[in-house]
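The first residue in the sequence is number 1, and the count goes up from there. Only this structure's heavy atoms are used, side chains among them; waters, hydrogens and symmetry mates stay out.
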Amino acid sequence: MFFILSKTLYFLIMPVTLIVLAFLLSWFYKKYRRLFLLTGLILLLLFTNYMIGNALVRWWEIPPTPLNELPAYQVGIVLGGITSDKDPRDRVHVSGAADRILHAIHLYREGKIDKILISGGSGKILKDDIPEAELLKKILLLSKVPEKDIMIEASSRNTRENALFSAKILNENYKPERFLLITSAFHMRRAKACFEKVGLEVDTYSVDMRGNEFEFTPDELFIPTSTAIGSWEVVIRELTGMLAYKISGYI
């Protein structure tokens, strides 16, 4: 129930939903048409401004750690949210969050992590046939990571379960120690809080940075872009998740 409610709440406060709602209200409530039209226009300009969206996501993201400042860890924990269920199914399709698995391979090659734990079942209300952890394991094997150095947790459907089920595996196989948590920079705050809530000590390795350096060009300052809406959606999703998890006692 919590899983469905959190997805529903996120949908209701998405930028596109709010913009469409404002314009629809202007149609149904003629008395306040100008007010709702102005509100919709302001929201449209706000959510499509690249500079504002970029500043927002840069503020939210946990900065990356330079590789040369990173100690060695026994296990790097890679969170799912990487693959997509496209056809044909004779290969693994990845999204923009592929940095999570690619950087894990890099860390493994550099000797920064000895083993890789992939955590991810299905993030969809209707589950896929193949858990995401199994798909990502294929990428590691194709990258010549030995199977003995790969662990998978294939039951989790959200970040809370990522932490719970990963903790069970790690506590059964390792003494209490610090592990390296690898996920997107925008997702790191919630992920770290979840893992610490279940008693795991983790250091962060942010990847998949969405924020960019400011250039102060006319494109950034004035020209509307759908990219900015994507930045807002990322942060809103995480803030919604943080709130829902806090209320539920998950963080």
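- A donor-acceptor contact shorter than 3.5 Å links the side chain of Asp99 to the backbone of Asp208.
- Side chain of Glu61 to main chain of Ala185: no donor-acceptor pair is present (N/O by atom type, distance under 3.5 Å, no hydrogens or angles).
- Between Tyr245 and Tyr250, the ring-plane angle classifies as perpendicular under the 30° and 60° cut-offs.
- A side-chain donor-acceptor contact under 3.5 Å links Lys115 to the backbone of Lys148.
- Looking at His93, its side chain does come within 3.5 Å of a backbone N or O of Pro88 through a donor-acceptor pair.
- Panel note: side chain Glu132, backbone Gly81; a donor-acceptor pair is recorded below 3.5 Å.
- Other residues, nucleotides and ligands contribute only 12 or fewer heavy atoms inside 6.0 Å of the OH atom of Tyr29.
- Electrostatic pairing of Glu172 and Lys168 counts as a salt bridge here, judged by a charged N lying under 4.0 Å from a carboxylate O.
- Among all heavy-atom pairs drawn from Pro15 and Ile229, the shortest one is CB-CG2, 4.2 Å.
- Smallest separation of non-hydrogen atoms from Ile77 and Ser166: CG2-OG, 4.3 Å.
- Side-chain contact check for Tyr73 versus Leu107: every heavy-atom pair is 4.5 Å or farther apart.
- Side-chain contact of Glu153 with Ser119: a donor-acceptor pair under 3.5 Å is present, judged by distance alone.
- Looking at Ser184 and Arg100, their side chains do bring a donor and an acceptor atom within 3.5 Å of each other.
- Clustering ILVMFWY residues whenever any of their side-chain heavy atoms sit less than 4.5 angstrom apart, transitively, puts Phe47 in a cluster other than the one holding Tyr50.
- The backbone N or O of Phe186 lies less than 3.5 Å from no partner atom in the side chain of Arg189, so there is not a single donor-acceptor pair.
- For Lys112 (side chain) and Leu70 (main-chain N/O), a donor-acceptor pair under 3.5 Å exists by modelled atom type.
- Listed for the Glu238 side chain is no donor-acceptor partner under 3.5 Å among the backbone atoms of Arg190.
- In this structure, the side chain of Thr225 does not engage the main chain of Thr48 through any donor-acceptor pair within 3.5 Å.
- Formation of a donor-acceptor pair under 3.5 Å by the Glu177 side chain with backbone atoms of Phe179 is not found in this model.
- Atom NZ of Lys144 sits in a sparse spot, with 12 or fewer heavy atoms from other residues, nucleotides or ligands closer than 6.0 Å.
- Ring geometry, Phe36 versus Tyr32: the interplanar angle exceeds 60°, so the pair is classed perpendicular (tilted spans 30 to 60°).
- Looking at Val94 and Ile101, their side chains never come closer than 4.5 Å, going by heavy atoms from C-beta outward.
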